[in-house]
Amino acid sequence: MVLEQGLRKLHVEEQRGPQLFSDNTVTADDLIDITETLKRMRLALQPDSIIKEPSFDLFEGTHSLEVNNKKLDTSLITLSQEETEYDCNTAHGESQVEKLGFVTGIVDQLCRYLICWLNDYQLLPTTILSCRYLEYLLIESANIDDMVYLKTGDLLYDQVLCSAIYGISYFAKFVERLMKNGGVCPEEDLNFNSMGLDFLSYVCEPSKINKSLKVSLEHLSAYGDTANHLVHLLKLIECLVCMEECLTKYSAGTAHLDKLMAEALYLQNKNDSETFILPLGCFSMGIQKRLSNQSPPKSLVIPSKNYDGFIVMATDLKLILSVNEAKTVMELMQFTKFFNKATQRHVISRAVFFAFIIRHDETVLGRYTFSQFAQLHPLEFSLASTEISKKLPEEAVPVLEDITNVLFDWYQNAAQNTSRYRQGYNRQLLLWDALQVQMENIELEFESKMMADRANEPFSDDSMLPFTSWIFAMKVTAMIEFVLKGFDLDVYKPFESYVMFWYSYYLSYQLESCLEKIHKFVDSRINKIVSLNKKIKKLKAGEKKEKLRAQYRFLMDTEMAQLQTNKKFLTFLLMECTIIRSLSLSQVLQFAILKSFNVIDNKSTTKCQFTSNELLYELRMKVFSSIGVPEVVPYNMIESTLNDFMISEPMFALKLKKTMECIQKETQNASIAVDNVIKCIASDKDGEVLYSATRLVKPQATDYFQRLKTSAKAIQLNSKVINAKLENKQTKNDPKSLFTMRLKSCENASSFFPLLELVDTRRQKSKSKK
Amino acid sequence: MISYRPLDLGNLLHFEHLKRLIDADLSEPYSIYVYRFFLNRWPELAYLAFDDDSEKSDEPIGCVICKQESHRNRRMRGYIGMLAVESKYRGRGIAKTLVKKAIKKMQKEGCDEIMLETEVSNNVALNLYEGMGFLRMKRMFRYYLNEGDAFKLILPLTAKSCVRTTFLEENVD
C-alpha cells in the first residue's frame, strides 16, 4: 500500500538527472528493478503473440500511437529555439507600437483559428491550442481554479491579451459542452482534443470575463485608431462569450449575433490580418509534444482570411433560434424538416438545435410537456376530431412515451451531418415500424369496442386508424428520404438507379394513398360539422334546435379550425408527394428507354464471381427487409416491373414516342405542383387550399422545391438529348459500344434526382489521348 | 512473372517490406500494432505478390491484408484492411488478383460478406472493388485523418449478408 501511494505521486521531472522525483517521497530503495525480468519475458515472447487488453480492437488499433515512429510519435517533433524558450511573462516587442502589433496579431490569429477549428473541422492542437499563451494561462489558472493573468509588466499583455484569451477559451468551453450534449458527432463534426487542459470549468458564468474585456477596451481607448483592429476583435469576442445564453437562459435573442456579424464584416473588409507580425515561437506544435496527446503529429493550420466564417456561424445560429417562434407543432416539424435539408448548417447551430428545443425542464421549447408533444404531432395531422382522441385507451399511454422517444430521435437526426442523416433514417425505420405494429393493435382493439374513425360512416370499410396512419406516413416518408438521400451521397451506381427510383415511386404511391385516406376522413369530419348547420336551419325553433346549435358551436370552436388546417396541410403534403412520385417515375421511364436501347442494364456489369445480382438487390434492400408494410418487392418482381416499362418491337418508334410523352407529362406535373407549393410557401399564411407551415424556413423550403423544379426541367431536357443521341443513324446500331452511363447532379437542381447522363466514350477516349 | 504467396509470419523481411509498401500509400499512418493485429491473428488472410523476374524477387511488390470475425455474433464478416501495389507494377491486375485470392479464402472459411472502407475520392479503388460486385452501403463523413469522406462497401456472399443483424439468429458458438 505504501509503495502504491508513493507511485501515485510519481511524475517525471525532465533534466534533473538522478533526482527523479521532486517530493522525495519515493527513494531508489522503494523501487524494484524489473529490467532483467522484462528482458527475460521479452525473450520468451513468440513473434505471433500480441499483448493487449481484450477490449482493444481494430478501432483502438487504428488510433494507436507508436513510440519512435515519426508519423505517430509527437515527442519526436522538433521545435526551434524560439519555440522552446518562449516566455509568456515577457512583453515581446521593442516599442509600444510593436507590442500592440504583436498582441493584435496574436488575437487576430486566435480568432481566425477559431473559425478554422469550427468551420473547417480542424483540430484544437493545430489551431487555438497551438497558442503558447492559451496553453500557459489554462495550465496556470487550473492550478488555482481561478483566472491567472500574465505578469509582463505591460497591460497590453497582462490585461488585453489575457482577457481575449479567456473570452475565446470560454467560448471553447461552450462548444465542449455542446459536444457533450450529443447533438453532433464527436470527431466527425467537431473535435475537442483538449490535450488534458481544463477549459475554465471553474468559471461558472461569464460576468468576470465580460468585465475583463470591458477593462481591456477601456485601456485600448488610449491608443486611438492604432488599436482599432484589436478593439473590433475584442468586441467580436464579447459576442462569442454571450453565445451560450441560448442554452443557459434558453434565450432566443439575436442582438449579440447581429453584432458579431457586424464586427466580422468589418474585420473581413478591413483585411488587415496579413499586416501583423507574430512573435517568433508564439504559435507552435510544441503543445503536441508537451501535453497529453492522443493524435499523431500534425502541422499547424494556415488560417485564411476567414472572418466571414463568423457570419456563417451567426446566420445559421440565428436561423436555429427562430424556431422559438413556432406557433404549432406543425411549424416546428416543418422547420426541422427544412432547416438542414438542402445545405448542411454550421456545426454550432446543428449542435444547439436539439438542446434548444428539448429542454432541461422536460418541455419542448418551454411550452409543451413531452406527453403533449407526442399527442400534438398526430393531432395536427390525422387525430383531430377522432373518437380515439376523446377516449384515449390506457394501453396507448406507454406507446405515446415510445412515440416521444422516436420523435426525439427524428428531431435530433434532422440536425446531423449529411451522411449521419441518412444513417439515422436507417435506424428510425425499425422504430417507426415497431410503433406502427403496437399502435395498430391498440387502435383495432379500440375500434372493436368503441366507434371506428371512418370517412363514410357507419358501414364502410375505410377505417382510418389515426395514430397508425400518422406513424405509417412518418415511416414511409423516412423510407423515401433514405432512398433519395443515397443519390445525394453518391451511394448508388447507375445500374442501381432503376431499382432506387422505382422504389421511391412505389413508396410515394403508398404515401399518397395514406394521405388521401386521411384527407378524405378530415374532409368528412368538416362536412359533418357543416351539415349540422344546415340541419339547424331546417329545424324549427325549440329545444332540439338549441341543443344542435350548441353542439355546432362547440365543434366549430374546438375542432373546425384544426380540421381545416390539417386538411390544407395534407393537401400540401399530397402535392409534395406528387412531385417526388412524378420525378421518380420520369427517371424510371428514362432508365427503361436506355435499357431498351441496350446502353444500360439494371444488373451489375461485372462478372459476379463471388455473388449474384439477386444477392446484390437484397443487400441494397436490406434496410427495408424487415418492414411489414410496404413490403419489399421480391427480386423477380422488380425484374418484371422493368420489363413492363421497356420498349420493344413491333412499333418501337411509336412506343418510344409515347414513353417520351409520358416523361414530358410527369415532369410537367411535377413543375406545376412545385409552382403551387412555392406560391403557398411565399404567401406565408393559412391559404384557401394549401398550408405549408414553413413560415420560419421560407427561403430553405423554397430553395428545396425550386431545385426539384430545376430537376424536372433537366430530366425533360436530358430525355430529349438522350433520344437524339440514340436515334442518330451513326450510333443507332451499336449504342452500347459508343456510350456509357453516369449519374450527374446538375447545378441548382436537386441532388436527390441526378440525371442519367449518356456519355460518349469516343469523346472521352480522344480527350484522354490528348 | 508475378507470383502470389500467403504471408510467412516468421519472415521479418517480408513484414518490413509490406509495411513500407502500405505506409507509402496510406492517407493515414498505421502503428505497428495495426499490422500485427491483422497479421498475427489472420496470417492466412494476407497474400503477397512477388516479381520473380526481378533482382529482388524475394521482396513483395504487392499485398493484401484481411481479417474475418463474427459481426455481432450473427454473421461472419471478412474485412479487407489494406491493399497496396508498388507504383511501377500498377495497371497489371496484381491488386485484383490479390483481392480475389483473399476473397476466395474468406469465402472458403465461411464468410457471409466482405466489407471494406475506401476514400470517396479513390476512384481506382472504387472501380476495382465495384468491378467485383461490391456495393456502396453508406457514406461516412470526414472518416479519415485527411478529412476525406469514405464509402463503406460490402460484397454479399450469402443471404445472411442481406438481413439486418437484429433479425438473424445468434450464433451458438
Side-chain angles (χ1 to χ4, degrees), chain A residues 47-50 52 56-58 60-67 69-72 120-122 185 187-189 295-296 298 344 416-420 422-423 426 430 486 488-493 496 604-623 625-626, chain B residues 9-12 15 23 26 28-41 43 67 69 79 81 100 103-104 106-107 111 113-114 120 126 129-143 145 147 149-152 154-159 161-167:
Chain A
D48 57 349
S49 62
I50 300 174
K52 70 172 190 75
F56 207 73
D57 59 12
L58 180 59
E60 306 284 340
T62 52
H63 288 74
S64 62
L65 303 176
E66 184 181 329
V67 175
N69 180 335
K70 262 193 167 181
K71 286 182 178 175
L72 291 163
D120 305 336
Y121 306 93
Q122 294 297 336
C185 287
E187 300 302 321
E188 273 182 24
D189 285 311
S295 305
K298 206 164 180 201
Q344 184 168 302
Q416 294 300 314
N417 68 55
T418 183
S419 301
R420 286 269 166 194
R422 182 169 180 265
Q423 282 315 109
N426 178 13
L430 289 183
D488 176 47
L489 296 175
D490 199 19
V491 167
Y492 312 127
K493 297 292 284 178
E496 295 179 275
S604 170
T605 49
T606 60
K607 288 173 196 159
C608 295
Q609 186 184 345
F610 301 107
T611 189
S612 67
N613 278 300
E614 188 166 352
L615 274 183
L616 291 177
Y617 170 76
E618 281 168 4
L619 177 67
R620 181 55 83 204
M621 290 293 149
K622 180 164 82 172
V623 178
S625 62
S626 65
Chain B
L9 192 60
N11 191 329
L12 283 177
F15 177 81
D23 274 353
L26 279 183
E28 54 192 82
Y30 281 154
S31 72
I32 184 89
Y33 174 80
V34 181
Y35 291 100
R36 284 298 179 192
F37 176 86
F38 279 100
L39 299 177
N40 289 36
R41 282 186 67 183
K67 73 178 178 104
E69 278 181 303
Y79 177 80
K100 274 187 177 174
I103 294 175
K104 237 182 221 174
M106 288 188 275
Q107 192 173 32
C111 283
E113 64 187 12
I114 311 293
V120 163
L126 284 169
Y129 293 118
E130 287 173 344
M132 292 182 180
F134 279 84
L135 285 190
R136 302 175 190 184
M137 296 312 294
K138 65 175 177 184
R139 187 174 178 132
M140 293 171 289
F141 186 61
R142 299 178 51 79
Y143 184 75
L145 282 179
E147 294 144 29
D149 286 4
F151 282 124
K152 174 181 167 180
I154 288 186
L155 176 73
L157 301 177
T158 73
S161 174
C162 310
V163 182
R164 278 182 184 259
T165 43
T166 326
F167 301 100

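What you see below is based on every heavy atom in this structure, not just the backbone, and it leaves out hydrogens, waters and symmetry mates. The sequence lines fix the lettering, A, B, ..., with proteins before strands; numbering per chain opens at 1.
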Under 4.5 Å heavy-atom distance to chain B, tell me which part of Q423(A) shows up: side chain, backbone, both or neither.
side chain

Heavy-atom contact with chain A under 4.5 Å, split by part of F38(B)
side chain

When the 4.5 angstrom heavy-atom criterion is applied to F141(B) and chain A, the contacting part is both

Working to the nearest 0.5 Å, report the span between CZ of F167(B) and OG of S626(A).
3.5 Å

Can you tell which of R422(A), R620(A), M621(A) has the highest number of heavy-atom pairs within less than 4.5 Å of chain B?
R620(A)

Check each atom of Q609(A) against the heavy atoms of chain B and say whether the ones under 4.5 Å are side chain, backbone, both or neither.
side chain

Interchain contact, E614(A) with chain B, by part (heavy-atom threshold 4.5 Å):
neither

Winner by heavy-atom pair count (cut-off under 4.5 Å) against chain B, out of D189(A), N426(A), D120(A)
N426(A)

Taking every non-hydrogen pair under 4.5 Å, which of L65(A), D57(A), T418(A) racks up the most with chain B?
D57(A)

Please state whether the side chain, the backbone, both or neither of L72(A) comes within less than 4.5 Å of a heavy atom of chain B.
side chain

Okay, Q344(A) and chain B: the region with an atom under 4.5 Å from a heavy atom over there is side chain

L39(B), part contacting chain A, at a heavy-atom distance under 4.5 Å:
neither

First locate atom OG of S604(A), then atom CZ of F134(B), and finally report the distance between them rounded to the nearest 0.5 Å.
12.0 Å

To the nearest 0.5 Å, how far apart are CG in N69(A) and CD1 in I32(B)?
8.5 Å

Side chain, backbone, both or neither: which part of Y79(B) has a heavy atom under 4.5 Å from chain A?
side chain

How close do T611(A) and P156(B) get, heavy atom to heavy atom, and via which atoms?
OG1-O, 2.7 Å

Counting only heavy atoms closer than 4.5 Å, note whether N613(A) contacts chain B via side chain, backbone, both or neither.
neither

For the residue pair E496(A) and L135(B), what are the closest heavy atoms and their distance?
OE2-CD2, 3.6 Å

Most heavy-atom pairs under 4.5 Å with chain A, out of M140(B), K138(B), K104(B), belong to K138(B)

Which region of R420(A), side chain (C-beta onward) or backbone (N, CA, C, O), has a non-hydrogen atom less than 4.5 Å from a non-hydrogen atom of chain B, or is it both or neither?
neither

Side chains of E187(A) and R142(B): closer than 4.5 Å at any heavy-atom pair?
no

If you measure from CD on E188(A) to OH on Y143(B), what distance do you get to the nearest 0.5 Å?
10.0 Å

Is the shortest side-chain heavy-atom distance between L619(A) and M137(B) below 4.5 Å?
yes

Taking all heavy atoms of S625(A) and all of C162(B), pick out the closest pair and write down the distance.
OG-O, 4.1 Å

If one checks every heavy atom of E130(B) against chain A at 4.5 Å, the contacting part turns out to be both

If we define contacts as heavy-atom pairs under 4.5 Å, which of M132(B), E113(B), K100(B), K67(B) has the most with chain A?
K100(B)

Are the side chains of F37(B) and T62(A) in touch, meaning some heavy atoms are under 4.5 Å apart?
no

Option in H63(A), Q122(A), E60(A) with maximal non-hydrogen atom pairs under 4.5 Å from chain B
Q122(A)

Determine, step by step, whether L489(A) and R136(B) satisfy the side-chain contact (heavy atoms from CB on, under 4.5 Å) criterion, reporting the C-alpha distance in whole Å, the side-chain angles of both residues, the deciding distance to 0.1 Å, and the verdict.
CA-CA 10 Å; L489(A) 296 175; R136(B) 302 175 190 184; over 6 Å; no

From CG (L615(A)) to CG (L155(B)), nearest 0.5 Å:
9.0 Å

Treating R139(B) as the side-chain partner and G486(A) as the backbone partner, does any N or O pair qualify as donor plus acceptor under 3.5 Å?
no

Closest-packed option against chain B by number of heavy-atom pairs under 4.5 Å, given Y617(A), Y492(A), F610(A)
F610(A)

